[in-house]
Amino acid sequence: LCSRHLCLGTFARVWIPDADEVWKSAELTKNYKHGDSTLHLTLEDGMDIEHKLDDKTKNLPHLRNPDILVGENDLTALSYLHEPAVLHNLKVRFTDSKLIYTYCGIVLVAINPYENLPIYGSDIINAYSGQNMGDMDPHIFAVAEEAYKQMARDERNQSIIVSGESGAGKTVSAKYAMRYFATVSGAATEANVEEKVLASNPIMEMPKGSDDSYRVTSVNQCSVVLCVQMPKGSDDSWAQKLYNTHLKTCSLFEKPRMSNKAFIIQHFADKVQYQCDGFLEKNKDTVNEEQINVLKASKLDLLVELFQDEEKVTSPTGTAPGGRTRLSVKPKEIRSGASSKEHKKTVGCQFRNSLAMLMETLNATTPHYVRCIKPNDLKFPFTFDPKRAVQQLRACGVLETIRISAAGFPSRWTYQEFFSRYRVLMKQKDVLSDRRLTCRNVLEKLVQDQDKYQFGKTKIFFRAGQVAYLEKLRADKLRKACVRIQKTIRCWLVRKKYLRKKHAAITIQRYTRGHQARCLVKYMRRTLAAITIQKFQRMCVQRKLYLQKQAAALVMQTILRAYMARQKYQGLLRNHKAVFIQKHVRGWLARQRYKRSLRAIVYLQCCIRRMKAKKELKKLKIEARSVEHFKKLNVGMENKIMQLQRKLDEQAKDNRVTSERLNSLETSHAVESEKLKVEVSKLKGIEEEAKNNANRVTSLLEELERLRKELTTTQKEKKTIEDWATKYRDEMEKMVAELKQQNGLLKTEKDDLNRMIKEQSQQMTEKMTRALVEETQQLESDLNEERSRYQNLLTEHLRLEERYDDLKEEITLSVSVPKPGHRRTDSTHSSNGSECTYNSEFAESEESSRHGEDVTRGMDTSLTLKLQKRVTELEQEKSSLRNELENKEEQFQRARDDEEHKKSRGAELEYESLKRQELDSENKKLKHDLTAMRQSLLGNAGAGAGAPGSPPYKVLMDQLNSSCEELEVRKEEVLILRSQLVSQKEAMQHKETMTEPVHYAEDVHKMKDSGAITQAYLGLKETNRLLEGQMQQQRRSYDNEVEVLRGELQSVKEENNRQQQLLAQNLQLPPEARIEASLQHEITRLTNENLDLMEQLEKQDKTIRKLKKQLKVFSKKIGEMGAGHVETISPGQMVEETVRPVNIPRREKDFQGMLEYKKEDELKLVKNLILELKPRGVAVNLIPGLPAYILFMCLRHADYVNDDQKVRTLLTSTINSIKKILKKRGDDFETVSFWLSNTCRFLHCLKQYSGDESFMKHNTPKQNDHCLSNFDLAEYRQVLSDLAIQIYQQLIKCMESILQPMIVSGMLEHETIQGVSGVKPTGLRKRTSSIADEGTYTLESILRQLSAFHSTMCQHGTDPELIKQVVKQQFYIIGAVTLNNLLLRKDMCSWSKGMQIRYNVSQLEEWLRDKSLMLCGAKETLEPLIQAAQLLQVKKKTDEDAEAICSMCNSLSTSQIVKVLNLYTPVNEFEERVSVTFIRTIQTRLRDRCETPQLLMDTKIIYPVTFPFNPSSLALETIQIPGSLNLAFLTRV
């Protein structure tokens, strides 16, 4: 009470009663002093009131809990445990946070939301499965999990008591509890399991009271009344007797004020009113059971027969005990409403029986309590009616539970939690190394009454209100610290402002003084400038007068000198014009003479050339008649000749027109020359006449005057002509300018069109590229989906197989040894109890399997058939999915190849086909030569064949030389015959007649010397046939060459045209640009030529490599054949011949990378290499993937000897043994990782040495020699790929089982940054502390485990790409589990926890950088967790904040964002809660998102795995087998 008085200071918040809201919050405006009768309060709406205390009790109002405790998961965690605190906490959780479940000690309070919530899915079930009840937010699944866990652990029946009013949600709660049981027990795949369970186990509801107006129906409210068993009494008399008997004597009995026929019983939870109308009639019992038993024991048969039980009367007739026959009538069914004292049971009797049965059930089970609350009567979603809620809380016992809890020590803190929370209340000297002693000393100082707390072994227990008192002290201390910080900061800000103002004043003064100084300088400058301007102005006036006088004198001189110059110029101009006229007249005459001469010369040349052309044409026609064979060889030459003839005719026609034009010109020229001659003669006569008549001056002057007039007229005409010419020239220039302008416009339009075409083509290219990229992405996504489906079905198939085997083993064991008791079966894992029955020896396994088969003959046939049918369906679906996956991959690869090799594919395929034909022909020739060599060697097998210097060797060399010589001769003959056949058609006909074998054979056999002639003729015939074939081949090659030359000619023509166009374009450019364009063109041409040459060189290199490979194969076969023959030679022959068998022993010693074993050693090989192999020793001491290399080398030898049975059994035994060892040690990460690496390496070896060119690109020549030669193991590669997928999924599950316990503790609960996260008080339920205790997992534990995983996989030689996929899956599991727990734990949704999460994520990213794994996609899987942590830290008030949150949280779903905002809880008083309005704003903005409504992330998702081909550079012949593997029976080959 003392601490309560201390807390009632100014600004203290309390609860006061209210008629509408039951309780209303208010704040003290004046300190309370002991003895005050009135409290001065301010309501939340700002109204000031005075609250009067009760005069009798003087009870103070209830104090409000601190804000950090509002919204707690457990009501017992509240510091002040009273009705308003409980009601307010439930209201905040229900209306603001949309949380319907709350713990109240051992009771789960469930408020009906009247709305479907996404919190009952399989993901939520998986999240609560296996968790402690206090580790997650309150939920019906947590209660069900606790009951299920206790049932499995204690092997004792459990009961969940769900109570509440009608409509409060009892049936739905029971339904979800049953759904949880059905799911975790492994029966979730059946439809409507909870309905079936509910139908088989109906819910018991206790009867209601007689008053229908009271709705509470609860186990706790039911009690037994002492009915008065009087038969003559009435309801009124019975009520009066109750009043008289119990009203004054019993405090639990009350009388209603407004009724005399009712009474009130004070039950444990609340008061219940009972009506007396019809009470006696309902509660009249029949004859007492003891009395009936006495009558049944009577000696009178009649009494015994009257009180005989109905069940004993089996037939209408029977024999009485006395021996006489009696007739008993079977009673009819009692009609509704009929009264029968023999069968009627009263309400009290039914109640007693029901209560007895209930108590018997509860006493036999461990109870779990769920209290359902009806928030309102109108069934509005998330609407909280305080009156109805508090009525049910009072009735259902929740408040009584709170009172019981408040009477003890409801608040419990560990010493470390108390120290972390209230460290601010301690001084430095109070902090000791012993946390317990430190807490004890501090509490003794802070709380004087030692009864308010108790020290336990690990925790401190506080009574109700003490935590609030400590929180007040802490808040006051923090408030004082804040005031001090604010004071210091404000002082610093004011001083900084003062210094800034001082600096500003000094700056203003400095600039003002500078301005004044500049003004003074400006005035002085202006004064000096005015004086200077005046001086220069006066000087300018005087200079202007002087210059005017000087200019007048100069003008007079200029006019006089200009007049004299014009006179002189006129004289010079006349002379110049006369000379100019003479010059042009003489030039015109000379040009006319030259043109006439030129026309005559050109005409003569044309005539002569025409004559020569006609002669040449005749000559060409004659030659054309003599070259008929060229017409056959050169198709189209006649057309060209006709075209040339047509061109010649056109040229002749043009020449005729030109000659006619020349003739007309000559005629006109002659006429004009005659006219000129006449004029010249006339002029000469005139000149002579002028000379002779020199004395005729007067007439000449007149004539001169006339000539002057004519000259003037001529000049005018000339001027007119010149004007016309100038006008014409201007018009032409204007027209040219217009044409140029139009040309420019056309060029501009052309450039625009070209640019538009280019842009359109670019857009089309970009569009096609984008479409191709989208199609590629779609194909990739489809491929990933198909791969994921295939792998999931593969997992399901494996699970069903394991389930089938487990069922067989369970039935086997159930036949021999029954297992009593109950054991829990997880829904996501099959039983592994049968794994211990496997033995490393195959004999024992076969014997056990035979025994299992004998036992399973007696098992349920329907189950076996069902499983077999399911396995068959899965296998069919697996095969179909595999085919579909292969089709998708082929389609994807085809689309990619079509895009990359669209242009070069046709030419390359044609080239490959030609090369293939050439290689086939060469192969046939080599086979023919090889056959001849073998015949020669077989013919001389006894003479030491194969050795240099031996007769077979000499014969072989002679045959080869003769064959080469004969080949050369045949080539020459072919050339000769080809020339003859081309030139002579008759020779072809003659040859055709020679090739008829029948006629020639008959002619030959008619000859006398038939033997020799026949052989000669047949040889000649064979030669002719050979020559004919070679000639046809040469003809085909010639035709191909002609086609190639035509193509080259066409390309040359196109190149020539292009060069001409470029030349024409370059001629229009300036010289510098012309040179640059020429150089650029030349560089482009040379680059293209170089690329073509490089492509040809690559093709030739490829051809050379193929030929070399074939040559090596043939030489190897020849060598093996020679070695085989050498082995058949007798010892005496070897002594006689000088043979050097140097290469034979070396060939036997060379190791070819194969291992030989006997068939009976196969079991030993599998046992030592797989079943009994220790991965740790192999991974540390030997090379990675050694078992895979050894198995492949054994497989190579089986392929080498062409033993298909050996290959099949080895592969089958290997796959089955790997499956067996993984089933036996499937929970060992090291074993699973080791065999995943070896399985992948074995798969890569099968690909690398398969002989497929796509897998041989990185092989060495020696590795190419080690390829498999006899068997195609593509189907086994698919089987191994499926096995690798299964191992990968098992690795992920094993890794997940190791990481799962670490994630929540390390990522959420552990306080990585000490002092940031606040600690809140806990209730009765266990809450995990954020302080790292000994044995708890931390972030360092997770990082160490990740490093252990990574180092183990690296030691095992796992492919780097596969390691990246594993790490990505690891980080997805970490992020998904962390986010799911964050979404289900209200205590983790705070600002400080967001900082902790972001720091932990940064540590994970740092780990990725250290391992060079930042690009593996692992960081992206943590994006939802990162965004959730950012969401906890960002501002959450304004619309701008909402917009920022919507754009930031793109990896979170709307339900997840809203859930985090609802769960956000301030740890300190200085943080604020998220308002409901803000959450609704977020929901409105995210309304258009298309996403799944699932709240939690699926932690069971496994990304589809791929195994990129990773060839090995390790040479098989260099591998050494250590003796520790016990594989001495293997022989190196």
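None of these values were measured; they are calculated from a predicted model.
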Using modelled atom types and a 3.5 Å cut-off, is there a donor and acceptor pairing between side-chain atoms of [X] and backbone atoms of [Y]?
| X | Y | result |
| --- | --- | --- |
| N65 | Y80 | yes |
| N112 | G167 | yes |
| N89 | E72 | yes |
| K1386 | L99 | no |
| R388 | D377 | no |
| K52 | S37 | no |
| D96 | N1462 | no |

To the nearest 0.5 Å, what is the distance between [atom1] ([X]) and [atom2] ([Y])?
| X | Y | atom1 | atom2 | value |
| --- | --- | --- | --- | --- |
| S259 | Q273 | OG | CD | 6.5 Å |
| K149 | Q158 | NZ | CD | 12.0 Å |
| K241 | T245 | NZ | OG1 | 8.0 Å |
| Q392 | D385 | CD | CG | 9.5 Å |
| Y243 | F253 | OH | CZ | 6.5 Å |
| K387 | L87 | NZ | CG | 12.5 Å |

Which class fits the ring pair [X] and [Y]: parallel under 30°, tilted 30 to 60°, perpendicular over 60°?
| X | Y | result |
| --- | --- | --- |
| Y148 | F181 | parallel |
| Y101 | H139 | tilted |
| Y176 | F141 | perpendicular |

Candidate list H88, H51, H62, test ring-ring contact (aromatic ring centres under 6.0 Å, His included), partner W15, passing option: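 Option passing the ring-ring contact (aromatic ring centres under 6.0 Å, His included) with W15: H88.
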
Going by heavy atoms in the side chains, are [X] and [Y] under 4.5 Å from each other?
| X | Y | answer |
| --- | --- | --- |
| I124 | Y128 | yes |
| L28 | L41 | yes |
| L43 | I16 | yes |
| V162 | C372 | yes |
| P381 | P113 | no |
| R93 | N73 | yes |
| N376 | Y114 | yes |
| K261 | D235 | no |

What are the two closest heavy atoms between [X] and [Y], and how far apart are they?
| X | Y | answer |
| --- | --- | --- |
| G169 | S173 | O-OG, 2.8 Å |
| I100 | F382 | CG2-CE2, 4.1 Å |
| P84 | H82 | CG-ND1, 3.2 Å |
| A262 | Q275 | CB-OE1, 3.9 Å |

So does [X] have more than 12 non-hydrogen atoms from other groups sitting under 6.0 Å from [atom1]?
| X | atom1 | value |
| --- | --- | --- |
| N116 | CG | no |
| K98 | NZ | yes |
| K379 | NZ | no |

Which residue, V143, I160, I106, V109, forms the side chain to side chain contact (heavy atoms under 4.5 Å, CB included) with Y369?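 It is I106, the one option of V143, I160, I106, V109 that forms the side chain to side chain contact (heavy atoms under 4.5 Å, CB included) with Y369.
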
Using a strict 4.0 Å threshold on nitrogen-to-oxygen distance, state whether E21 and K91 make a salt bridge.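 Between K91 and E21 there is no salt bridge, as every charged N stays at least 4.0 Å from the carboxylate O atoms.
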
Derivation of the side chain to side chain donor-acceptor pair (under 3.5 Å) call for T76 and D74: CA-CA 5 Å; T76 59; D74 195 343; 2.9 Å; yes

